[in-house]
Chemist: 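One structure follows; several queries about it will come next.
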Amino acid sequence: TVSTLKHAHHAFDIDQPGRDSHRHRMAGAHQVVVGSEARWALMTELRDAPEPGLDRLLAALDPVDLALVEGWKTAPHPKVECWRAGTAQPPRARTDRTVRALATDTTAAMTGLGLPVFELSDTDAIADFIARELRL
């Protein structure tokens, strides 16, 4: 089983204005749960509380075999960095020891890192690497 966590660097909303759940949040509810026969979602309003850290969010998940994390690049968990040649920043893999592999659109330029380097589109190889690293 796999769960995913994604960090958003901006205000985001998974709820729609006009829906009851949105009205409940706007009325001041700290948490709103929406449930159906297909899925459920829990929304927590932070208001002025600090953003929860990755550890707290991971602890909120049900137990799974693998949690894939997007974002939280300064957190100490092992990472596969996704890097595109068009970005203005150099790969974090050059200085960040938590990066275990690099997925990129320019593998030829990434030699000498001492890390596995994958084509961004080679999802099978990336998944196999993760499974081997975590002994799944």
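We count residues from 1, following the sequence as given. Any value given below was found using the heavy atoms of this structure, including those in side chains, with hydrogens, waters and symmetry copies removed.
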Chemist: How close do Arg23 and Gly18 get, heavy atom to heavy atom, and via which atoms?
Modeler: NH1-O, 2.6 Å
Chemist: Starting from the C-alpha separation in whole Å, work towards a yes-or-no answer on side chain to side chain contact (heavy atoms under 4.5 Å, CB included) for Val2 and Asp65.
Modeler: CA-CA 6 Å; Val2 177; Asp65 297 311; 6.0 Å; no
Chemist: Within the 4.5 Å heavy-atom criterion, are Val99 and Pro78 side-chain neighbours or not?
Modeler: no
Chemist: I'd like to know whether Trp40 forms a side chain to side chain contact (heavy atoms under 4.5 Å, CB included) with Val33, so could you lay out the CA-CA distance, the side-chain angles of the two residues, the decisive distance to 0.1 Å, and finally the verdict.
Modeler: CA-CA 7 Å; Trp40 70 273; Val33 173; 4.1 Å; yes
Chemist: Ignoring hydrogens, what is the shortest heavy-atom contact between Val34 and Met43? Give both atom names and the distance.
Modeler: CG2-CE, 4.0 Å
Chemist: Assigning hydrophobic clusters by single linkage (Ile, Leu, Val, Met, Phe, Trp, Tyr; side-chain heavy-atom cutoff under 4.5 Å), is Phe118 placed with Leu136?
Modeler: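 Yes.
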Chemist: Can Thr44 and His30 be said to form a side chain to side chain contact (heavy atoms under 4.5 Å, CB included), step by step?
Modeler: CA-CA 6 Å; Thr44 301; His30 172 65; 3.7 Å; yes
Chemist: What's the spacing between Asp20 CG and Arg25 CZ if we round to 0.5 Å?
Modeler: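 CZ of Arg25 is found 13.0 Å from CG of Asp20.
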Chemist: Rounded at 0.5 Å granularity, tell me how far CG in Leu68 sits from NZ in Lys6.
Modeler: 13.0 Å
Chemist: Give a yes or no on whether Ile14 and Val32 share a hydrophobic cluster (residues Ile, Leu, Val, Met, Phe, Trp, Tyr; joining criterion: side-chain heavy atoms under 4.5 Å apart).
Modeler: yes
Chemist: Under a 3.5 Å threshold, yes or no: a donor from one side chain and an acceptor from the other, between His24 and Glu45?
Modeler: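 Absent: no donor and acceptor within the cut-off.
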Chemist: Could you check if a side-chain atom of His77 sits within less than 4.5 angstrom of a side-chain atom of Leu54, using non-hydrogen atoms only?
Modeler: yes
Chemist: Indicate the atoms forming the closest heavy-atom contact of Ala67 with Leu5, along with that distance.
Modeler: CB-CD1, 4.2 Å
Chemist: Should Asp105 and Glu119 count as side-chain neighbours, where that means a heavy-atom distance under 4.5 Å?
Modeler: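 No, every pair of side-chain atoms sits at 4.5 Å or beyond.
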Chemist: Is the shortest side-chain heavy-atom distance between Glu81 and Arg94 below 4.5 Å?
Modeler: no
Chemist: Hey, any chance Leu61 and Val69 share a hydrophobic cluster, counting ILVMFWY side chains that come within less than 4.5 Å of each other, even indirectly?
Modeler: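 Shared cluster, yes.
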Chemist: How many angstroms lie between atom CG of Asp55 and atom CH2 of Trp72, to the nearest 0.5 angstrom?
Modeler: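 Here the interatomic distance stands at 10.5 Å.
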Chemist: Got more than 12 heavy atoms from elsewhere within 6.0 Å of CZ, Arg47?
Modeler: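 Yes, the 6.0 Å shell around CZ holds more than 12 heavy atoms from other groups.
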Chemist: How close do Leu115 and Arg100 get, counting heavy atoms only, and between which atoms?
Modeler: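 Taking every non-hydrogen atom into account, CD2-O, 3.6 Å.
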Chemist: Which pair of non-hydrogen atoms, one from His22 and one from Asp15, has the smallest distance, and what is that distance?
Modeler: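 For His22 and Asp15, the tightest heavy-atom pair comes out as N-OD2, 2.7 Å.
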Chemist: Could you state the interatomic distance from CZ (Arg135) to CD1 (Ile130), rounded to the nearest 0.5 Å?
Modeler: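 Answer rounded to 0.5 Å: 15.0 Å.
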Chemist: Examine Val80 and Leu66 and state if one hydrophobic cluster contains both, with Ile, Leu, Val, Met, Phe, Trp and Tyr joined whenever side-chain heavy atoms are less than 4.5 Å apart.
Modeler: yes
Chemist: Go through the steps to decide whether Leu120 and Trp83 satisfy the test side chain to side chain contact (heavy atoms under 4.5 Å, CB included), and finish with yes or no.
Modeler: CA-CA 8 Å; Leu120 274 171; Trp83 187 83; over 6 Å; no
Chemist: Out of curiosity, Lys73 NZ to Arg92 CZ, how far, rounded to the nearest 0.5 Å?
Modeler: 6.0 Å
Chemist: Find the distance between OG (Ser21) and CD (Gln16) and round it off to the nearest 0.5 Å.
Modeler: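 If I round to the nearest 0.5 Å, the distance is 8.5 Å.
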Chemist: Could you report the tightest heavy-atom contact between Pro76 and Thr98, atom names first, then the distance?
Modeler: O-CG2, 3.7 Å
